[in-house]
Amino acid sequence: MQFWLTSVTTILSSLLIYYYFNNTTPTQPQPQPQPQQSQQPQQPQQPPLSKSNMSTISKYIKHQGSILPSYFFSHGGPTFMYENDSFGNKGAWNKVKTIGHQIKALPATEKPDYIIVVSAHWQSDAPNTIEIGTTWANDGNGENSLVYDFHGFPKHMYAEEFHSYNNAAVAKAIKSKLAESGFKTELTDRGIDHGVWVPFKVAFSGYNTLTNPQPDYKEKRKLDLPDISVIQVSLTSNDIDFNSHFKLGQALDFFRQNQIWDDVHQKYLKGMVICSGMSVHNLRDLGLSMQYMQQNPTAKGLPYVKPFNDLVKSIVETDDSKSGSSSTTVISQLNDLKRDPLLRKAHPTLEHFLPLVVACGIANDAKQNVKEIYNDELGSLGWGIYQVGNNIEAKI
């Protein structure tokens, strides 16, 4: 344990030295604004059957239109919020920003009413248990608080804001569906961590403390997602159990395929799922990577980063024209990775890889392809972004 704490301290120190060497003096934090009240519900729709003869999870209708894609984001750290930060990735920033614009610009009939998010930064403490984030405020429909789960960064990063609401009907439906799929489930009063709100801030908000000023705390401001709720779902405690996380993805695909009834807002809700991790995530090698790139000026990352990104792409980027692209092959190949030393070089711990396993489960259940839509490397980090299903760009 002492060795581990010493290693973590060394890594964070290296990161801070690198960050301060490459960035300007931060601005002062802004006061927290007061969130605007929840939007008014749309015109009521009536469910086809009464509550007396339908359970929460069975109150759904099949989508008659197209199914929204899912995404795997590489979210980096809090530095990812800033387009030109030297420890972020501008290409990944632009791709996530574009995806967010596409989602917000969808017609009302196609836009998601909620987004379920699986982040690398929340693993349940209990075995075989998935926790679903909620808030006790407003009977579970209150604003999501933010978890600033990063340490030692400049003060302005802790003043960053992202405002979204939770949805009790969705959280309860997720709990029921995951229980039906064999998971132990819990509703947990918890805010969204930086694996959620940092990439979502890039995707959906137009301000941060270093660019466009955040609104004064006395001003009433709109939500960053005024008509889309955000519900975070945890990973399990076992980060070597790829099978369970693949199964989690299969279960969450239900919410892409089906609409669920919300009694509070008196409407059916359409869902979307986003997974957030990193294609390569080795903080232990941050210091080593800085030295390596100084000695090798043309290198973008350590020697294992691009080979691992390429290997993962070859496994998860399914194609119906390929032989052997079945789910059995995909999960088998993902499990085979655990015997490949390259995996532990790229991911000394596996929590940032698991959301990609979840995304593969979503693809399998939906019988949709996974494709890499962006990748890059920096030091000991890989910036893969993957899409499950069809592009939504043509819809706007």
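Quick caveat, the model's predicted, so the values are computed rather than measured.
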Mind running side chain to side chain contact (heavy atoms under 4.5 Å, CB included) on Phe242 and Ile240 for me, showing each step along the way?
CA-CA 6 Å; Phe242 288 0; Ile240 64 171; 5.7 Å; no
Side chain to side chain contact (heavy atoms under 4.5 Å, CB included), that's the test. Do Phe183 and Leu248 meet it? Break it down for me.
CA-CA 9 Å; Phe183 291 100; Leu248 172 61; 4.1 Å; yes
Evaluate the criterion side chain to side chain contact (heavy atoms under 4.5 Å, CB included) for residue pair Leu302 and Asp285; output intermediate values, then yes/no.
CA-CA 9 Å; Leu302 288 172; Asp285 280 353; 3.7 Å; yes
Can Asn141 and Asn138 be said to form a side-chain hydrogen bond (donor to acceptor under 3.5 Å, both in side chains), step by step?
CA-CA 5 Å; Asn141 294 295; Asn138 196 22; 5.6 Å; no
Take Asp224 and His163, measure what side-chain hydrogen bond (donor to acceptor under 3.5 Å, both in side chains) needs, and give me the verdict at the end.
CA-CA 5 Å; Asp224 294 292; His163 295 270; 5.2 Å; no
Stepwise side-chain hydrogen bond (donor to acceptor under 3.5 Å, both in side chains) test for Lys97 and Asn94:
CA-CA 5 Å; Lys97 188 72 175 177; Asn94 284 326; over 6 Å; no
Please assess Asp253 against Gln257 for the test side-chain hydrogen bond (donor to acceptor under 3.5 Å, both in side chains), listing each intermediate value before the final yes or no.
CA-CA 6 Å; Asp253 185 55; Gln257 303 280 350; 3.0 Å; yes
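No donor-acceptor pair under 3.5 Å is formed between the side chain of Lys306 and the backbone N or O of Glu377. Side-chain atoms of Thr109 never come within 3.5 Å of backbone atoms of Pro107 as a donor-acceptor pair (strictly under, hydrogens ignored). Using a distance-only test at 3.5 Å, with no hydrogens or angles considered, a donor-acceptor pair links the side chain of Asn167 to the main chain of Ala169. No donor-acceptor pair under 3.5 Å is formed between the side chain of Lys175 and the backbone N or O of Glu186. No donor-acceptor pair under 3.5 Å is formed between the side chain of Ser289 and the backbone N or O of Gly379. A donor-acceptor distance shorter than 3.5 angstrom exists from the side chain of Glu317 to the backbone of Glu372, with no hydrogens or angles considered. Using a distance-only test at 3.5 Å, with no hydrogens or angles considered, a donor-acceptor pair links the side chain of Asn258 to the main chain of Phe254. Remark: side-chain polar atoms of Ser244 are not paired, donor with acceptor, to backbone N or O of Asp241 under 3.5 angstrom. Using a distance-only test at 3.5 Å, with no hydrogens or angles considered, no donor-acceptor pair links the side chain of Gln295 to the main chain of Tyr292. In this structure, the side chain of Asn282 does not engage the main chain of His347 through any donor-acceptor pair within 3.5 Å.
Relative orientation of the Tyr114 and Phe255 rings is perpendicular, given thresholds of 30° and 60° on the angle between their planes. Ring geometry for His194 against Phe150 counts as perpendicular: the plane angle is over 60°, on a 0 to 90° scale with 30° as the lower cut.
Atom CZ of Phe153 and atom CZ of Phe87 lie 7.5 Å apart (nearest 0.5 Å).
Tyr386 does not carry Lys371 over the face of its six-membered ring by the limits of under 6.0 Å from the centre and within 45° of the normal. For the pair Lys201 and Tyr207, the cation-pi test (distance below 6.0 Å, angle within 45°) is passed.
Of the residues listed (Gln387, Arg256, Gln368), the one engaging Ser70 in a side-chain hydrogen bond (donor to acceptor under 3.5 Å, both in side chains) is Arg256, and it is the only one. A ring-ring contact (aromatic ring centres under 6.0 Å, His included) with Phe80 is found for exactly one of Phe200, Trp197, Trp383, namely Trp383. A side-chain hydrogen bond (donor to acceptor under 3.5 Å, both in side chains) with Thr236 is found for exactly one of Gln123, His245, Glu131, Lys184, namely His245.
Contact check for Tyr82 versus Thr211: no side-chain heavy atoms found under the 4.5 Å cut-off. Using a 4.5 Å heavy-atom cutoff, the side chains of Leu252 and Lys177 are not in contact. By the 4.5 Å heavy-atom criterion applied to side chains, Asp113 and His265 are not counted as neighbours. At least one side-chain heavy atom of His75 sits under 4.5 Å from a side-chain heavy atom of His352. No side-chain heavy atom of Asn166 sits less than 4.5 Å from a side-chain heavy atom of Val230. When side chains are defined from C-beta on, Asn89 counts as touching Tyr374, because their heavy atoms get closer than 4.5 Å. Considering only heavy atoms from C-beta on, Trp122 stays 4.5 Å or farther from Glu351 through its side chain. No side-chain heavy atom of Ile116 sits under 4.5 Å from any side-chain heavy atom of Met272.
A donor-acceptor contact under 3.5 angstrom links the side chains of Asp193 and Ser119, judged on distance only. Side-chain atoms of Asp125 and Ser237 include no donor-acceptor pair closer than 3.5 Å.
Remark: Lys90 does not engage Asp85 in a salt bridge, criterion side-chain N to carboxylate O under 4.0 Å.
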